[in-house]
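Structure record follows, encoded as structure tokens.
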Amino acid sequence: MKTYKLILLFFTIIQYSYAQQFTENTEIELNGIVYGEAQWINIDNNSSEELIISGYDDYYNSTSAMYSYQPETIGLMSFDIEAFSNSNIEILDFNNDGFTDFIINGFNSSDLPETLLYVNDTNGSFTSQTLSIPGTSTGEMKVGDFNNDNLDDIIITGMDANYTYIAKLYLQNNDGTFTDTPTPFFGNSYGSILSFDANNDGNLDILLTGFSNNYTPETKLYLNDGNAVFTEKINAGIAEVYFSALSAADYDNDGDEDILISGYDSTYKPFTALYNNDGNANFNINTEINLANLYWGATNFVDYDNDGDLDIFITGADENTLPHIKFYNNINNVFTEDTNANTGIYATYVSSAHWSDYDNDGDMDFVLSGLNSNGDAITKVYTNQNENLSIEDVTHNTQLLLHPNPSVNKTVNLVYDENNLNSSINAVTIYSSLGQKVYETALVNSFNEYIKSLDLTSLENGIYLMQFTFDKKRITKKLILK
């Protein structure tokens with residue numbers, strides 16, 4: 001009997017170790033899309049999210065739709081969205097009312113370039129508004145507050161109606177209109193836009209990649225002075241690519257944002273690299289990681305295994321135009337390919353991937369769109385089956401505690417023993433689960449009371465990584481806001 005129990009335990013461990021991490025959510029049959037995007041949005045500030053898709057369908061008809069993943073209203077929503085192709089979707093709070101709006105840029109159902117803003121009516125519907133911003137094809141769109149006035153601005157790239165490659169910045173005015181603002185940005189097609197703080201000065205800088213008007217792949221980094229005045233950073237050290245994808249995050253927990261990049265390089269071969277930032281916007285390739293060279297796909301820093309650090313996810317085509325999907329697990333800043341994680345997931349290229357905890361169970365799920373190995377357009381939602389560990393099991397450090405965690409009212413207490421840590425906290429930085437910096441504060445006074453409260457009501461519900469900077473160390477903790 002003892003031998004039987006031992007054998008049974010052995011097989012149970014094996015089965016658990018190789019359990020499928022992601023399963024396809026088949027509750028809703030989604031239109032497959034290509035040359036477009038699928039993006040998560042929370043339209044009513046509750047615990048579940050909706051999904052917007054837009055792009056060409058399998059028959060190359062323009063399409064757009066919104067789907068609800070809330071149990072009581074699951075399925076296609078009745079709200080009409082203009083059908084788009086070559087489309088990009090960005091999420092924002094346009095009017096600062098606390099409800100999420102969205103923008104679609106691309107070519108509409110009449111094959112005309114257009115940019116449409118959908119303003120949330122706070123009752124489950126939206127009102128569309130045409131913006132004085134040109135639609136583009138084979139480009140991208142990015143929203144951010146680039147002049148620090150608490151209003152969302154817009155950057156677009158791609159080919160306009162005159163078949164010219166453009167890159168334009170539109171700053172939002174107090175009346176909700178947008179002004180075309182001069183920049184040194186290079187016009188490009190089949191490129192990417194990355195907004196991140198490259199030089200740690202608190203301002204959003206811009207990295208552009210793409211096929212330029214010089215008919216060559218280019219990559220340029222532009223540093224922001226805080227007033228949306230940009231200056232090109234010469235010799236930033238980043239490869240020139242198009243058919244590209246970009247992500248930024250402080251994956252190595254050293255206080256600056258690093259870059260993950262893929263695309264077709266200047267030798268016209270697939271290229272993927274992880275670049276380490278020295279804190280002053282100088283980048284060097286991390287030669288200790290061997291990533292699959294892919295192009296025309298997606299790149300993401302994401303904590304897909306729920307262990308409190310940022311892993312890597314990439315899709316795209318290899319040099320033989322065969323699609324791939326790759327996961328790389330981060331253990332102490334050493335990345336190893338995780339071949340178990342991609343079980344049951346379609347390999348794609350011409351693809352987009354967006355991560356979110358759409359089912360509000362404490363781990364990261366994702367939506368994937370693009371062309372599969374048969375050349376079919378797909379859109380698939382994959383639900384993370386990761387076992388939910390306790391918060392303190394995930395963070396591996398009991399010298400500093402967060403309470404409550406998860407937090408419902410978004411007030412979080414920091415509890416720690418200053419004498420045990422031999423130093424005081426100097427700063428707190430909070431990153432989204434995709435590595436985007438969303439909160440930062442300096443703490444000039446030590447925690448003599450051992451307890452300090454942080455008001456995080458400005459943050460949306462979700463999973464976050466909190467980085468605490470001490471005199472002699474950094475500690476990262478996982479936080480869930482509900």
Side-chain angles (χ1 to χ4, degrees), residues 32-39 53-64 82-90 103-116 131 133-143 154-170 183 185-195 206-220 240-247 261-266 268 270-271 294-299 315-317 321 323 348-354 369-371 375 377 379:
I33 57 168
V34 66
Y35 296 109
E37 200 164 11
Q39 179 70 273
I53 69 168
S54 182
Y56 280 125
D57 66 15
D58 221 4
Y59 300 96
Y60 282 83
N61 299 312
S62 300
T63 185
S64 297
E82 172 70 26
F84 272 86
S85 62
N86 287 292
S87 42
N88 297 279
I89 304 169
E90 277 287 274
I103 297 177
I104 302 183
N105 171 282
F107 276 56
N108 62 24
S109 56
S110 300
D111 210 27
L112 298 174
E114 188 175 25
T115 299
L116 280 182
L131 298 181
I133 295 174
T136 59
S137 65
T138 63
E140 275 206 352
M141 175 175 57
K142 192 67 64 177
V143 169
I154 300 172
I155 296 175
I156 62 166
T157 64
M159 187 169 60
D160 65 12
N162 298 316
Y163 303 100
T164 300
Y165 299 163
I166 65 171
K168 290 181 174 290
L169 168 64
Y170 291 86
T183 69
F185 299 162
F186 78 97
N188 67 84
S189 181
Y190 294 111
S192 291
I193 308 169
L194 179 63
S195 62
I206 294 296
L207 181 67
L208 293 183
T209 61
F211 199 69
S212 74
N213 284 301
N214 296 321
Y215 304 107
T216 59
E218 294 188 25
T219 296
K220 293 184 184 297
E240 298 174 325
V241 292
Y242 71 114
F243 289 134
S244 47
L246 299 167
S247 296
I261 183 172
S262 69
Y264 232 38
D265 68 11
S266 56
Y268 301 101
F271 174 85
L294 303 175
Y295 74 103
W296 219 349
T299 64
T315 69
T321 323
T348 60
Y349 70 114
V350 197
S351 49
S352 76
H354 288 281
S369 64
L371 293 177
T379 304

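We use all heavy atoms of the structure for the numbers below, so side chains are in, but hydrogens, waters and symmetry mates are not.
- Taking OG1 of Thr157 as the reference point, atom CG of Asn88 lies at 7.5 Å (rounded to 0.5 Å).
- At distances below 3.5 Å, at least one donor-acceptor pair connects side-chain atoms of Glu90 with backbone N or O atoms of Val143.
- Tested against Phe243 for a ring-ring contact (aromatic ring centres under 6.0 Å, His included), the candidates Phe271, Phe211, Tyr268, Trp296 yield a single pass: Trp296.
- Annotation: the span from Met141 atom CE to Ile104 atom CD1 amounts to 8.0 Å, rounded to 0.5 Å.
- Using modelled atom types, no side-chain atom of Thr183 and backbone atom of Leu169 make a donor-acceptor pair closer than 3.5 Å.
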task = Evaluate the side-chain contact (heavy atoms from CB on, under 4.5 Å) criterion for residues Val241 and Thr219: first the C-alpha distance (whole Å), next the side-chain angles of each, then the deciding distance (0.1 Å), finally the verdict.
result = CA-CA 6 Å; Val241 292; Thr219 296; 4.0 Å; yes
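- At a threshold of 4.5 Å between non-hydrogen side-chain atoms, the residues Thr136 and Asn105 count as touching.
- Remark: the backbone N or O of Gly36 is not paired with any side-chain donor or acceptor of Ser87 at under 3.5 angstrom.
- A donor-acceptor distance shorter than 3.5 angstrom exists from the side chain of Ser192 to the backbone of Ser244, with no hydrogens or angles considered.
- Taking both residues in full, the closest heavy atoms of Asp111 and Phe107 are given as O-CD2, 3.4 Å, listed atom of the first, atom of the second, then distance.
- A donor atom on one side chain and an acceptor atom on the other are found under 3.5 Å apart for Thr138 and Ser189.
- Contact of the Asp160 side chain with the Pro113 side chain is not registered, since no non-hydrogen atoms from C-beta on lie closer than 4.5 Å.
- Heavy-atom minimum distance, Ile156 versus Pro134: CD1-O, 3.2 Å.
- A distance of 5.0 Å separates CD of Glu218 from NZ of Lys220, quoted to the nearest 0.5 Å.
- Nearest heavy atom pair, residue Ile261 against residue Leu246, reads CG1-CD2, 3.4 Å.
- Judged purely by atom type and a 3.5 angstrom limit, Glu240 has no side-chain atom pairing as donor or acceptor with the backbone of Ser266.
- The backbone N or O of Thr216 sits nowhere less than 3.5 Å from a side-chain atom of Asn214 that would complete a donor-acceptor pair.
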ask   = Does the side-chain contact (heavy atoms from CB on, under 4.5 Å) test come out yes or no for Leu208 and Ile193, once each step is laid out?
value = CA-CA 5 Å; Leu208 293 183; Ile193 308 169; 3.8 Å; yes
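- Relative ring orientation between Tyr264 and Tyr295 is described as tilted, the plane-to-plane angle lying within the 30° to 60° band.
- Note on ring orientation: taking the six-membered ring where Trp is involved, the planes of Tyr35 and Tyr60 are tilted (angle from 30° to 60°).
- No close placement of the Tyr242 and Tyr190 rings is indicated, their centers lying 6.0 Å or farther apart.
- Under the 3.5 Å distance criterion, with hydrogens and angles disregarded, no donor-acceptor pair is assigned to the side chains of Ser369 and Thr379.
- Closest approach of Thr299 and Ser262 over heavy atoms only: CG2-OG, 3.3 Å.
- Across all non-hydrogen atoms, the minimal contact from Thr63 to Tyr56 is CG2-C, 4.5 Å.
- Atom CE in Met159 sits 10.5 Å away from atom CD1 in Ile166 (nearest 0.5 Å).
- To the nearest 0.5 Å, the span separating OG on Ser85 from CG on Asn61 amounts to 10.0 Å.
- In this structure, Asn188 and Ala167 approach most closely via the heavy-atom pair ND2-CB, 4.4 Å.
- From Leu131, atom CG reaches atom OG1 of Thr115 across 6.5 Å, with rounding to the nearest 0.5 Å.
- With hydrogens and angles left out, the side-chain atoms of Glu82 and Ser64 include no donor and acceptor closer than 3.5 Å.
- For Asn108 and Ser62, the side-chain atoms include no donor-acceptor pair closer than 3.5 Å.
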